[in-house]
Amino acid sequence: DLIFNFFTVLVDEFGFIDSNWKNIAAKYLKGWFIIDFFASMPVDLVFIALEVNINPRLLKFLKAPRLFRIGRILKYLENMEYANAVRIGKLYVLFLLIGHWIGCFYPLVVKDPNFFKLGFIDMYIESLYTGVVLLMRENLEGNDDDLMLFQVCTIFAAACLNAVIFGSMTVIIQSMDF
């Protein structure tokens with residue numbers, strides 16, 4: 001990927017294409033090269049080669065620069081022919097991501113002892129389901145005060161989120177050329 005980016009033509013703000021290799025290399029070296037370099041580096045193999053003992057969690061954190069590449073991919077997708085479909089897909093992913101975050105907080109308020117006897121995957125699926133259900137403004141069963149407060153806060157945030165998502169989808173669909 002690093003080498004490929006040195007040969008990708010540039011398009012300036014006026015729409016002119018620059019295929020001069022020196023200009024491409026200079027712009028790439030000033031911009032995304034360092035992030036791409038560290039993102040493509042096999043960090044775990046470097047630490048093994050240097051015989052450095054490192055915590056595996058820290059090792060995963062060092063791979064985080066790869067996430068910066070997602071922004072570049074999404075920027076590229078914005079200029080495609082089906083960019084509106086990509087925008088709608090991003091809104092669905094946002095909805096699921098926020099459902100995931102809500103699901104991550106669910107085990108903190110649930111008082112059901114059977115919940116914690118489930119396996120990790122089953123707990124995650126139930127938590128994600130709960131997060132998505134709350135985003136769709138449905139109530140959960142239970143009379144516990146902590147659970148009720150969690151539901152009220154989540155449903156209020158969900159009302160705002162749904163307004164933003166569905167409003168954005170409406171604008172995207174209205175802007176489509178049929």
Side-chain angles (χ1 to χ4, degrees), residues 1 5 31-32 34-44 54-178:
D1 188 43
N5 283 315
W32 285 94
I34 293 174
I35 294 171
D36 284 346
F37 177 76
F38 286 110
S40 63
M41 182 184 298
V43 179
D44 48 351
I54 189 166
N55 186 342
R57 287 187 177 176
L58 179 62
L59 192 60
K60 288 182 181 180
F61 178 73
L62 291 174
K63 294 181 180 182
R66 294 180 182 179
L67 295 175
F68 290 117
R69 300 171 110 185
I70 293 173
R72 290 178 57 199
I73 292 170
L74 292 176
K75 186 177 178 181
Y76 172 75
L77 293 175
E78 288 285 326
N79 298 324
M80 288 179 44
E81 180 179 351
Y82 300 104
N84 287 331
V86 171
R87 289 182 188 113
I88 290 174
K90 284 177 17 182
L91 291 172
Y92 279 119
V93 169
L94 174 67
F95 188 82
L96 283 175
L97 177 67
I98 293 176
H100 165 81
W101 288 342
I102 292 169
C104 288
F105 286 106
Y106 179 67
L108 298 175
V109 296
V110 68
K111 302 282 196 234
D112 183 12
N114 293 327
F115 176 78
F116 296 102
K117 293 178 183 175
L118 298 172
F120 177 77
I121 299 295
D122 294 330
M123 282 176 47
Y124 175 75
I125 290 171
E126 185 172 334
S127 297
L128 180 64
Y129 173 78
T130 301
V132 171
V133 164
L134 286 172
L135 279 177
M136 295 188 306
R137 295 182 274 178
E138 298 291 328
N139 288 332
L140 300 175
E141 295 179 10
N143 295 329
D144 186 79
D145 289 340
D146 293 338
L147 184 61
M148 295 293 275
L149 180 63
F150 180 69
Q151 286 184 58
V152 168
C153 293
T154 304
I155 290 172
F156 176 74
C160 298
L161 177 69
N162 285 332
V164 169
I165 287 178
F166 292 120
S168 298
M169 282 189 184
T170 303
V171 169
I172 290 169
I173 291 171
Q174 285 179 345
S175 70
M176 293 174 126
D177 294 330
F178 292 108

Side chain proximity check, [X] to [Y], heavy atoms < 4.5 angstrom:
X    : Y    : answer
P107 : S127 : yes
T130 : I102 : no
F150 : L134 : yes
F95  : N162 : yes

Exercise. How would you list all residue pairs meeting side-chain hydrogen bond (donor to acceptor under 3.5 Å, both in side chains) that involve residues 92-101, not counting sequence neighbours?
Worked result: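 For residues 92-101: H100-Y124.
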Nearest 0.5 Å, what's the [atom1]-[atom2] distance between [X] and [Y]?
X    : Y    : atom1 : atom2 : result
L108 : L147 : CG    : CG    : 12.0 Å
L91  : L161 : CG    : CG    : 9.5 Å
M148 : C153 : CE    : SG    : 12.0 Å

Exercise. Going by the salt bridge (Lys or Arg N to Asp or Glu O under 4.0 Å) test, which pairs reach into residues 146-161, not counting sequence neighbours?
Worked result: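 Non-adjacent pairs meeting salt bridge (Lys or Arg N to Asp or Glu O under 4.0 Å): K111-D146.
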Exercise. Can you check whether L118's main-chain N or O pairs, donor with acceptor, with D122's side chain at less than 3.5 Å?
Worked result: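 Judged by distance alone, no pair lies under 3.5 Å.
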Problem set entry | Minimal non-hydrogen separation, L96 against L128, with atom names |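 Looks like O-CD1, 4.3 Å.
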